[in-house]
Structures are given as structure tokens and as C-alpha cells.
Amino acid sequence: MKNDMINIPGISHANFRAYLIGFILSIVLTIIPFGLVYYGHGSLSEYDILVSIAIAAVIQVFVQLHYFLHLDRSSDQSWNVLALLFTLLIIAIILAGALWIMIDLHSRMM
């Protein structure tokens, strides 16, 4: 590819290589937790597996923000803050919903 620049208004630095790197990192950071859960029970404690999954999830969020939303390079900082706040809101909703469901299921089973 001679000219691999992708023309997106407001993002002049988007290129195929950056998107490919982000995609590969996302795939790897998704496979790691699956591998830990599937193969890690004999060698790691449950706490270590959960911490590793949480670390992979946080790194995944930063990879998404860096490679796909270009959060660190954009000139318009208001979109950066908005994207970060929206990400934090979605994570909070998912965590609160998952905890609510698990606590409710636990109370129904006891």
C-alpha cells in the first residue's frame, strides 16, 4: 500500500497500520483472559485470575481509546473528555448491573 492514510475529517493521522496494530492488540487482550480461565485453574489462584482479567480489561480500554478513538492525539480536547466519560459510564453500568444480578442470584439460591 503506497498511501495508507485514511481520510477522516478531523483525524488526519489515521492510517491502516495503526488500526491493524490496535486490532491485533485487542484480539490478544481478549484471548488472554479466556486462556487464563481455561488453562489457569491449576497454576493460579482465583484471585490472581480475576486480577489478571481486570488488568487486561483496563489495558483493552486504553488500547481502544488510543488506536481507534485517537484520544491522545486529537486537537479537540472536548471530544476526548466526552469519549472518556462515556467509556467510564458504560463500564460503571456494566459492573453495577453484573453485581446486581450476581447478588440477586446469590440471595435467591440461599
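The first residue in the sequence is number 1, and the count goes up from there. Hydrogens, waters and symmetry mates are skipped; everything else that's a heavy atom, side chains included, is used. Since the model is a prediction, treat every value here as computed from it, not as a measurement.
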Using every non-hydrogen atom in the two residues, find where [X] and [Y] come nearest and quote the distance to one decimal.
| X | Y | result |
| --- | --- | --- |
| Gln60 | Thr30 | NE2-OG1, 3.1 Å |
| Tyr19 | Phe68 | CD2-CD2, 3.5 Å |
| Leu29 | Ile59 | CD1-CG2, 3.5 Å |
| Val63 | Ser26 | CG1-OG, 4.0 Å |

Point-to-point distance, once rounded to the nearest 0.5 Å, from [atom1] of [X] to [atom2] of [Y]:
| X | Y | atom1 | atom2 | answer |
| --- | --- | --- | --- | --- |
| Met110 | Leu105 | CE | CG | 11.5 Å |
| Tyr39 | Phe34 | OH | CZ | 13.0 Å |
| Ile94 | Leu99 | CD1 | CG | 12.0 Å |
| Ile24 | Tyr67 | CD1 | OH | 10.5 Å |
| Ile103 | Arg108 | CD1 | CZ | 13.0 Å |
| Ile53 | Ile32 | CD1 | CD1 | 11.0 Å |

(message) Hydrophobic clusters here meaning ILVMFWY residues chained together by side-chain heavy-atom distances under 4.5 Å, can you tell me if Tyr47 and Ile55 are in one?
(response)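 Same cluster: Tyr47 reaches Ile55 through Ile, Leu, Val, Met, Phe, Trp or Tyr contacts under 4.5 Å.
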(request) Is it possible for you to say whether Val51 and Phe62 belong to one hydrophobic cluster, with membership spreading through side-chain heavy-atom contacts below 4.5 Å? (result) no
(message) Between Thr87 and Gln64, is there a side-chain heavy-atom distance shorter than 4.5 Å?
(response) no
(message) Which residue in the set Ile90, Leu82, Leu88 passes side-chain contact (heavy atoms from CB on, under 4.5 Å) when paired with Phe86?
(response) Ile90
